[in-house]
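Here is the structure we will look at.
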Amino acid sequence: MSDAAIARISYPDSKAFQSMIEALSKIIDEVSMKLGPEGARIRALDPAKIALIDIKLPPSAFLEYSVEEEASIGFNVANFLKLLKRGKRGDRLEIEAKGDRVTIAIVGDVVRRYTILNLDVIEPEIPEARFSFNASATLLADLVKNAIRDAEAVGDTVEFEAPNDSEFYIRGVGPEGSGAETRLTAETGQLIEYNVSEHSKARYSIDYLKHVLSLTKVADLVTVEFSTDAPLRLGFSLPGEGRVEYLLAPKLE
Amino acid sequence: MKRVPATLCARCKGGKLLCGLSACPLLERFRAEVRAFTRMPSTTRVYGATPPSLVVGERGYPRVAVMYNVPPGSFGEAAKIYDDPQGWWGRLSLDEIVRLRSGLLASTLRVDARNPWVLYEKEISLATVSTRPVSSEALLEKPPKPSLRFDGVLKPVGLSAPARLVRVEENPKPPRRLEKAVWDDARAAEIIGELYFSGVDYYTIIRAMSAGLLGRLRARRLVPTRWAITAVDSIVGETLRRGVRENPLINEVELYRGEYLGNRFVVILVPAAYGMEWVEVWHPSTLWTSGAREPVVIINREDWRGRWNYMDGGYIAARLAVLEHLYRRRRQAYAVIIREILPDYYAPVGNWHIRETVRRALQGRPEKYASIQEALDRAARLFKADLRGVLRSLKIVRQKTLETWMQP
């Protein structure tokens, strides 16, 4: 192996990166980050095949992005998260892959440098899913977070309903008809963008939705897209550039 | 009087005191009823062989009660049957087990859990992990009182009295592998795994854990038996689970069944990523549900990561049996375990029978089905309670996967 680094990248906010890794850690143990001319990408399908996380960070999201050719960095998600937790707000994250080693540096007032093994993570074939969604809403991330927390108080299922293009409901579904409801309307400005091409209603597991709540700390806006009894797609736009998408299979009534 | 909902009792099983009372009223009443069973010796000197049998109490931890159980007047193989879950299974009725256990006398010593060595010095610890009954003598402070206690995790014991002295009168014969483990300065979790895979009797491992014979030498503790049972089930289960979730899936939906002591089990294995759902159905007029009109249903779930909704002694015993089965077959599956408790189960006698019944159920030949729905329809017909609604709401039925929408 040569001594030259095969990839060196530097991300401006280690805490934002931590939020992404935290979400990944909820659904999978090991993952590989692909580095190419288009940027960095992590795709992880949970072993029960119920949820998929897709992280895309273009080169412009990084302070430094030097990748000679396609490179892949494989790591244990829980261990990586442990390292990231040592960082503080405002710290920078530097990752360098060289041979079979990866050096991770958290750079703030002090520089913390960790060297880990670049794991050979077997990548499952994950076909690109193609969807059309009949309802699509852009909301403040906090609003979604609170609605899910409210729903959690009554049960383990959340129901999204888009009856028309002026109202949007997020409901907690509890045992024996109990429930909690959050009603969002276009007039109050809560629905920043809202398109409904067909009345849509679907239910999802709160446990699985909670996995990505860590991302509401770094993304201000969330897009919620779904169709009746079909998968849900949550889109988080990261500050600077970059996007995380979370795809979740429905629960049937 | 305070009314306690039956669903709470069925989850608590007298162990967690979820109702907030200082003692379980159901158990108290029940204990009074079965006192009639017990023959009462009036002597303070007890001879007999421990089968072996040991209970470490949890009250007052770390000053715990160590109950060294001996059937007065029984020795050798005749003493063995007083504590022998594997030997009991399928042979003894609930009445017979209760009667046997009511003939067992607990000589109780108060010991600091942080100093298990006081029991070791007197050979008491080794006697409790012996493969053969061990003749013993106890001098009691006063004549024994009936104390038949029932519990969802522990086996009942008939009589008890504080002991001035417990003397082991014969050399205990612990399994060789375990004898070595006693001087092994390694973490308990590691040693338990080794003992399990080298074939040491499961119930002996639990007693070794409880008697403070396992773990880092300087951190040895007496472990209340109820905690020790759950600890061993979860430690061994975790090791097996790590193996199982790397295995290929089974090919078809399989249905297994078993019944013992008024407890009916159906296990459905589904070709999908590991995970479990536990459905427990208590008929009205069982001990915990005397106040209920309709069967009480409790559901516990575990995900691929091994995270469950709540810790339950019955669930974790059944789960162990399922994991053992999958581990041995080198296969992975999603399991639905249904336990129906019929009114005949009038006295809870511990969680051993759950572990053993599910183990034996899984040794049988499965019925095979092409779909989960067919297997659940079949399962619904195997129970006395109407479970169709409950089974329809299972996560494995309602939660879809992304595969439907992801065509390559």
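Within every chain, numbering begins at 1; the chains are lettered A, B, ... in the order of the sequence lines, protein sequences first and strands thereafter.
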Subject >> Heavy atoms of other groups near B/Arg187 CZ, more than 12 under 6.0 Å >> reply: no
**OP:** Measure the spacing between CG of A/Asp29 and CZ of B/Arg305 and express it to the nearest 0.5 Å.
**Re:** 4.5 Å
Subject >> Pairwise distance CZ(B/Arg307) to CG(A/Asp207) - rounded to 0.5 angstrom >> reply: 8.0 Å
Subject >> Residues that B/Tyr274 engages under ring-ring contact (aromatic ring centres under 6.0 Å, His included), provided they are two or more places apart >> reply: none
**OP:** Flag yes if more than 12 heavy atoms outside B/Glu252 fall under 6.0 Å of its CD atom; otherwise flag no.
**Re:** yes
Subject >> Residues that A/Glu241 engages under side-chain hydrogen bond (donor to acceptor under 3.5 Å, both in side chains), provided they are two or more places apart >> reply: A/Ser60
Original post:
Of the backbone (N, CA, C, O) and the side chain (C-beta and beyond), which part of A/Leu45 lies under 4.5 Å from a heavy atom of chain B, both, or neither?
Top reply: side chain
**OP:** Output yes when a side-chain donor or acceptor of B/Arg245 lies under 3.5 Å from a complementary backbone atom of A/Pro47, and no otherwise.
**Re:** no
Original post:
Can you name the nearest heavy-atom pair linking B/Lys400 to A/Ala249, along with the distance?
Top reply: O-CB, 3.0 Å
Original post:
Quick one: CG on A/Asp156 to CD1 on B/Ile299, what's the gap to the nearest 0.5 Å?
Top reply: 9.5 Å
Subject >> Spacing of A/Ile50 atom CD1 and B/Trp304 atom CH2 [to the nearest 0.5 Å] >> reply: 12.5 Å
**OP:** Could you look at A/Ala51 and say if it's the side chain, the backbone, both or neither that has a heavy atom under 4.5 Å from chain B?
**Re:** backbone
**OP:** Drop me the distance from B/Ser393's OG to A/Lys251's NZ, to the nearest 0.5 angstrom.
**Re:** 9.0 Å
Original post:
With no hydrogens and no angle check, is any side-chain donor or acceptor of B/Gln399 less than 3.5 Å from a backbone partner on A/Pro250?
Top reply: yes
Original post:
Are more than 12 heavy atoms from other residues, nucleotides or ligands located less than 6.0 Å from atom CG of A/Asp165?
Top reply: yes
Original post:
Got a sec: does the CD of A/Glu38 have more than 12 other heavy atoms crowding it under 6.0 Å?
Top reply: no
Original post:
Under a 4.5 Å heavy-atom cutoff, which of B/Leu402, B/Thr401, B/Thr404 has the most pairs with chain A?
Top reply: B/Leu402
Original post:
Which pair of heavy atoms, one from B/Arg398 and one from A/Glu253, lies closest together, and at what distance?
Top reply: NE-C, 4.1 Å
Subject >> A/Glu193 CD: over 12 foreign heavy atoms closer than 6.0 Å >> reply: no
